[in-house]
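One structure below.
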Amino acid sequence: MSNTTQPKPPHLLDRVVIRFAGDSGDGMQLAGDRFTTSSALFGNDLATFPDFPAEIRAPAGTLAGVSAFQVHISDHDISTAGDSPNVLVAMNPAALRANIDSLPKGATVIVNVDAFEERNLVKAGYESDPLGDGSLSAYTVYEVPMTSITTEVSKEAGVKPRDAERSKNFFALGLISWLYTRPIEGTMGWIEEKYAGKPLVMEANLRAFKAGFHFGETTELFESSYEVKPATLAPGEYVNVTGNTATAWGLIVAATRSDLPLFLGTYPITPASDILHELSKHKQFGVRTFQAEDEISGIGAALGAAFGGALGVTTTSGPGVDLKSEMIGLAISLELPLLIIDIQRGGPSTGLPTKTEQADLLHAMYGRHGEAPLPIVAAKTPSHCFEATVEAVRLAVKYRTPVILLSDGYLANGTEPWKLPDLDQLPDIDPGFATDPNHVDDDGNAVFWPYLRDPETLARPWAPPGLAGLEHRIGGLEKADGSGNVAYDGANHEKMTRLRAAKIAGIAHDIPPTDVDDEDGAEVLVIGWGSTYGAIAAGVQRVRARGHKVAQAHLMHLNPFPADLGEVLSSYKKVLVPEVNLGQLSRLLRAEYLVDAISFTQVQGVPFRAAAMESAILQQIDGTAERFAAEATGSTDTIEKGSLR
Amino acid sequence: MTDLAHAPSDPHPADDPVPVPITTRKDWSSDQEVRWCPGCGDYSILAAVQMLMPDLGVRRESTVFLSGIGCAARFPYYMNTYGMHSIHGRAPAIATGLATTRPDLDVWVVTGDGDSLSIGGNHLIHALRRNVNITILLFNNQIYGLTKGQYSPTSEVAKVTKSTPFGSLEQPFNPLSLALGAEAGFVARTHDMDRKHMMETFRRAHAHKGASFVEIYQNCNVFNDGAFEKITGKEHRSDMLIPLVHGEPIRFGAEGQHGVVLHNDGSVEVVEVAAVGESALLVHDEHRDNPGLAFQLSRLSRGPYEPTPIGIFRDVDRPEYGEEMARQIDEATARRGQGDLNALLRSGSSWTVE
């Protein structure tokens, strides 16, 4: 190593996609997360995509145990975590093997060369060492002895030899921090704070981090470092948030604005548990978090709290929604506010717990016995989870109804910079509790009728226990219109069924019109919902950059749809509906509007790639997708996965 | 911002100057026609509860009856209080959310042997374990009534029912043993033939802070008539029911001639007082911290055909769940101050773009 190397000026890049990959226990999520935070504080726009296995610790060194964190940083506005990494950091052969196919030729690969030994190569399924057999000749490969340097500096810090290599994720982070000219003070401070209680670990991590940084600086392995300048984001104060954090904060803000005590009843489930973790930290807002004995109890307790006048919320993922269905039906019958947050994951059954999917839309729409409609709201980006949550609470409280909020694994764990909202601009949420009897009975007595509806919203009064004169009984048996007494006659049942449906349908007039990003003369509309937003936006951008016209719409309200949606759909020649399922929104659009919606789908546990989206859109525009896509990505690997039908 | 730690809709703070109105049974009865089968034991339980309420010094508007599904679950409709008839087995879960957010309310859960020991078993044991401030009345008739006569989880082995024409194969639950095993702080048994005993038992259950569990032997005269006749029938009671009285030797019989002793191996047994002497009898202690002896008493009888203890098996104080939850909120608020939304949104690192 030379100490006399003059620092060269960094090369400027407009964006870069980096993927950290290693064993589940290697701390790749932590390294990626720290890199993201320094980039956010540096001012880049960014998007992240953590991608990890369902096993906490799959057998070390195997493909099944590879955990990765992809981060896309940019000096301009971006909407996805990037199709393919420009840089792969591979901590072992399995990490290399699991990820190399997603790299474009010419990409940079930084490997922990110490891990490329016979045993690990066999575990990863390599017959020969890829570092020596020429199979990586299309890439720029840097072999860095991460384990041995980390072990050396950790031992100097006094760490036992057995634990000495554990800081190698910080070495990798240090090296990448140098390579992309990240400020390091923030991470050093973070290490000091995080490991304050474990001085040896703190020292080893600090030394490994600095060793990685210095390794980049002082070896002549790398030609130069790179810099991605801050993005020109709209002025304001920003934080970097995951979807789950934004959801939790949305709940606290909505509870405060509505002056309702927040009660979360939930059962731990991937990928929803982080909402429980976040909320349980903030008790000073009067937040009650209840970790129930099962999914049913979680929602049951939330409904009980709602009956008592609280903001009742339950969080879950697909399997939990199955279990909660009966209680959701009860909430529909009781007409009480309740929020069900479904962080969708790959299904059916246990499916792919740590992978994303958006295949619960029809379940949210129809997954109950009887005619049981409820409003459905979906978040489109990690930070949008905040707004979507507040909106879901608004609808639940105003219309006295359970609402399903759909997020997914990609939004839940992914991050992006979020311009903090002006809290005063958020909608008002007025619980409007009943205060007085609302009816006069045949004998002239003032009485309270729990099912006497507001003529405008069709919502019934919410009368939590505590007020004399408003005592009433409600339940899952059909109720007489108005009085709410048990009623078995068919005419009343039909009336109540239609009233419940009309109440939900009427919400269409209380939500904004369809959000369309139109271009004059566009004949193709791409319409999506949920986390496909980023990929659709990126695909649309690419198509427009080629001089084509295309319109994009994204639905936050899935039930009811915005009142103008039918008109919007009918004003385009073609409607393309990309979804990470087998075509659920497209079915709803076809059923509702008799529109020939073209479904474009993929279910691989990962978001769409922008290139796939571009290709699918172009195919609708002129049917020459493959040629254009090849030019667009500069890659020969252009036939993107996905199915058009 | 209001104090979110406390329910905004609590209209009766502790220092409420408005006195609890004097009421009668009629005030606690709703205008709905009671629709249980004529002769059902549920009528006498309803009467006992409605007659007790005016004595408890509580308000109708602060009283809530919750139920699941089953014959017993119609109970809330007949009480002129707040109430909810929910779904099968889930009332303890719903009650948990209500009672922890509204400590000002009296929350009663009315359930049956199928509702709380079969489909809702999980919620029952966890509500008891957590010690949520609710009073659970379990109407045990050892049969499924609403679905017209299948065996239940408390039916005796070999019971012939519509669904078990060759006899049921299942060992029944002992509801009191189950509740004690689930860490319940208040466990009692009463029966539908003795209004006074029911009222006294319910009064004590209501007074207990935390989860109270009362098993009520209840006759289903249509599908399981006479299930408890051998012990609750007027002519059998004195020899077949063993009243548990705190601080008193456990004895029964018209002349108090029978009693219960505790053996060195921890088992309990019914004996003749004359044979062992009065001083050898077990003195009942509701407040023993260790539930072991209460558990033994709960298993003294193998079924409603042997001398069976009734009354309060256990009454001990444990931290109440809702109170503990409120305490954590109060402590967090005292430590960090009232929640500040602007600080919340900046609890990670924030940066400013000019």
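Naming: A, B, ... by sequence-line order, numbering from 1 per chain.
With a 4.5 Å cut-off on non-hydrogen atoms, Leu105(B) touches chain A through its side chain but not through its backbone. Heavy-atom distances place both the backbone and the side chain of Met84(B) under 4.5 Å from chain A. Contacts between Arg130(B) and chain A at a heavy-atom distance below 4.5 Å involve the side chain alone, from C-beta outward. With a 4.5 angstrom heavy-atom cutoff, Glu354(B) touches chain A only via backbone atoms. Heavy atoms closer than 4.5 Å to chain A are found nowhere in Phe65(B), neither backbone nor side chain. Looking at Phe263(A), the atoms closer than 4.5 Å to chain B (heavy atoms on both sides) all sit in the side chain, from C-beta outward. Neither the backbone nor the side chain of Thr63(B) comes within less than 4.5 Å of any heavy atom in chain A. Only the side chain of Arg74(B) comes within less than 4.5 Å of a heavy atom in chain A; its backbone stays farther off. Contacts between Leu423(A) and chain B at a heavy-atom distance below 4.5 Å involve the side chain alone, from C-beta outward.
Interatomic distance, CD1 of Ile329(B) versus OG1 of Thr289(A), reported as 8.5 Å (0.5 Å rounding). Taking NE2 of His88(B) as the start and CD1 of Ile296(A) as the end, the distance is 12.0 Å to the nearest 0.5 Å. The distance from the OG atom of Ser86(B) to the CZ atom of Phe307(A) is 10.5 Å, given to the nearest 0.5 Å. Distance check, rounded to the nearest 0.5 Å: OG1 of Thr333(B) to CZ of Phe285(A) gives 9.5 Å. Rounded to the nearest 0.5 Å, atoms CG (Leu420(A)) and CG (Leu341(B)) are 11.5 Å apart. In this structure, Asp330(B) CG and Lys283(A) NZ are separated by 12.0 Å, a value rounded to the nearest 0.5 Å.
With respect to the salt-bridge test (charged N to carboxylate O, under 4.0 angstrom), the residues Glu293(A) and Arg129(B) do not qualify.
The main-chain N or O of Gly308(A) is found under 3.5 Å from a side-chain atom of Arg102(B) such that the two form a donor-acceptor pair. Remark: the backbone N or O of Glu471(A) is not paired with any side-chain donor or acceptor of Arg60(B) at under 3.5 angstrom. Listed for the Arg346(B) side chain is no donor-acceptor partner under 3.5 Å among the backbone atoms of Glu237(A). Although no hydrogens or angles enter the test, the distance criterion places a donor-acceptor pair under 3.5 Å between the side chain of Tyr82(B) and the main chain of Leu467(A).
Between Phe290(A) and Tyr321(B), the ring-plane angle classifies as perpendicular under the 30° and 60° cut-offs.
Across Ser333(A), Gly304(A), Gly265(A), the residue that shares the most heavy-atom pairs under 4.5 angstrom with chain B is Gly304(A). Of the listed residues Asn342(B), Asn80(B), Leu344(B), the one with more heavy-atom pairs under 4.5 angstrom with chain A than any other is Leu344(B). For the options Leu470(A), Val241(A), Leu233(A), heavy-atom pairs under 4.5 Å to chain B are most numerous at Leu470(A). Ranked by non-hydrogen atom pairs under 4.5 Å with chain A, the options Thr352(B), Leu345(B), Thr96(B) are led by Leu345(B). Across Ile299(A), Asn240(A), Thr37(A), Thr245(A), the residue that shares the most heavy-atom pairs under 4.5 angstrom with chain B is Asn240(A). Taking chain A as the reference chain and counting heavy-atom pairs below 4.5 Å, the highest number among Asp31(B), Val64(B), Asn122(B) is found for Asn122(B). For the set Gly329(A), Pro450(A), Ala40(A), Gly186(A), the count of heavy-atom pairs under 4.5 angstrom toward chain B peaks at Ala40(A). Considering only heavy-atom pairs separated by less than 4.5 Å from chain A, the leading option among Arg336(B), Arg90(B), His123(B), Met325(B) is His123(B). Of the residues considered (Gly476(A), Gly475(A), Ala301(A)), Ala301(A) shows the highest number of contacts with chain B, using heavy-atom pairs under 4.5 Å.
The neighbour count for Arg25(B) CZ, taken as heavy atoms of other residues, nucleotides or ligands under 6.0 Å away, is above 12. For Phe202(B), the CZ atom sits in a packed shell: over 12 heavy atoms of surrounding residues, nucleotides or ligands are nearer than 6.0 Å.
The nearest pair of heavy atoms linking Ser349(B) to Leu41(A) is CB-CD2, 3.5 Å. The two residues Thr100(B) and Arg288(A) make their nearest non-hydrogen contact at O-NE, 3.1 Å.
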> Yes or no on side-chain contact (heavy atoms from CB on, under 4.5 Å) for Ser297(A) and His126(B), after CA distance, side-chain angles and deciding distance?
Replying inline: CA-CA 10 Å; Ser297(A) 173; His126(B) 288 279; over 6 Å; no
> Can you list the steps and then say if Val353(B) with Lys419(A) is a side-chain contact (heavy atoms from CB on, under 4.5 Å)?
Replying inline: CA-CA 9 Å; Val353(B) 173; Lys419(A) 187 181 163 198; over 6 Å; no
> Given Asn485(A) and Tyr77(B), is the side-chain contact (heavy atoms from CB on, under 4.5 Å) satisfied, shown in steps?
Replying inline: CA-CA 9 Å; Asn485(A) 289 329; Tyr77(B) 290 123; over 6 Å; no
> Would Asp340(B) and Gln284(A) satisfy side-chain contact (heavy atoms from CB on, under 4.5 Å), going step by step from the backbone distance to the final call?
Replying inline: CA-CA 9 Å; Asp340(B) 172 358; Gln284(A) 73 273 22; over 6 Å; no
